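Counting convention: from 1, in listed order, for ligands and their atoms alike. Computed over heavy atoms, backbone and side chain alike; hydrogens, waters and symmetry mates excluded. These numbers were taken from a predicted model, which means no experiment stands behind them. Each residue takes its place number in the sequence, starting with 1.
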Amino acid sequence: MIKISVLLFLFTILLQSEKQSERNAMINNQIIARGISHKATIEALRKVERHKLVPDNQKQMAYRDSPLPIGYGQTISQPYIVAFMTESIQPEKGQKILEIGTGSGYQAAVLAEIVDDVYTIEIVEELGKRAKRDLKKIGYNNIHIKIGDGYNGWEEHAPFDAIVVTAAAEYIPPPLIKQLKDGGKMIIPVGTQFMTQQLVLVEKTDGKVRSRNVMPVRFVPFTRTD
Ligand code: SAH
């Protein structure tokens, strides 16, 4: 007689391969088809189990071509936007990255597949705690989460090779520019909730800061505690 545990094991394997084929379809139809070509970014998105980072009632929709609600009025970005932002900072092994707006932890996990360490700050305590629990369960030990206002960055671990901000700010917080390494890149949505926002790519070279708009977007607002 086949034991229940064996059946459960087989079921888990089946479910995993189903989710992997959903991810492969997502990569082909949403990511590569739209021009993302950075290899490490593509492989990271192929690997990260997005369905394990969304609330239970969203699991079936995890690989859809859209943002999803994660509770507390916040959203996890559409996979393409995560890929676009990741590619735009050209992450590499050996780097240290700061993210503002942990949310579900998905963007942090994508970065953690590529670089050595990801420092991420979330202002909504419940979301920060949930992401910490979910990321630990999946097995990430190079993601460091802090609960608080990300406006001032994370001084103790600065400077960073790159910074990814996933909430729309009215202007680029000066402490974040300061904590960016020379030669580093930052990607940040800028604008208000009711106006068109732009993803801005900031590059620091020889102490000079240049920024350019790279894509119109819609993000939840960057909030402040004070
Ligand atoms: N990167 C996330 C996207 C989450 S949406 C993901 O992959 O799921 C943006 C997040 O930014 C929200 O969770 C919101 O609570 C958070 N946020 C907004 N303002 C913030 C601030 N000042 N500091 C830290 N987090 C902030």
Check your understanding: In terms of ring plane angle, is the pair F84 and Y80 parallel, tilted or perpendicular, where the classes change at 30° and 60°?
Key -> tilted
Exercise for review: Assess R224 for proximity to ligand 1: is some non-hydrogen atom of it under 4.0 Å away?
Suggested key: no
Practice item. Please identify which atoms of ligand 1 are closer than 4.0 Å to at least one heavy atom of V220. Key: 5 (S), 9 (C)
Point to revise | Minimum non-hydrogen distance to atom 8 (O) of ligand 1, winning option of A131, G128, G153, S104 | key: S104
Check your understanding: Should E125 and K129 count as an ion pair when the cut-off is N to O under 4.0 Å?
Key -> yes
Revision key, fill the gap. Candidates I123, I70, I147; heavy atom nearest atom 17 (N) of ligand 1 found on I123
Review point. Ion pair present between D117 and K96, side-chain N to carboxylate O less than 4.0 angstrom?
Key: no
Practice item. Taking only Lys NZ, Arg NE, NH1 and NH2, and the carboxylate oxygens of Asp or Glu, determine whether D161 and K181 approach each other closer than 4.0 Å. Key: yes
Practice item. For T166, counting its heavy atoms only, list the atoms of ligand 1 lying under 4.0 Å from any of them. Key: 1 (N), 2 (C), 3 (C), 5 (S), 9 (C)
Review point. Should you measure from each heavy atom of D149, which atoms of ligand 1 turn up under 4.0 Å away?
Key: 21 (C), 22 (N), 23 (N)
Check your understanding: Which heavy atom of the protein is the closest neighbour of atom 15 (O) of ligand 1, given with residue, atom name and distance?
Key -> E122 OE2, 2.6 Å
Practice item. May I ask you to list the atoms of ligand 1 that are less than 4.0 angstrom from any heavy atom of I100? Key: 23 (N), 24 (C)
Revision key, fill the gap. Counting from 1 in the order shown, the ligand 1 atoms closer than 4.0 Å to a non-hydrogen atom of I76 are 8 (O)
Check your understanding: Is there a heavy atom in G148 that sits closer than 4.0 Å to ligand 1?
Key -> yes
Practice item. Return yes if some donor-acceptor pair links the side-chain N/O of K19 with the main-chain N/O of H51 below 3.5 Å, else return no. Key: no
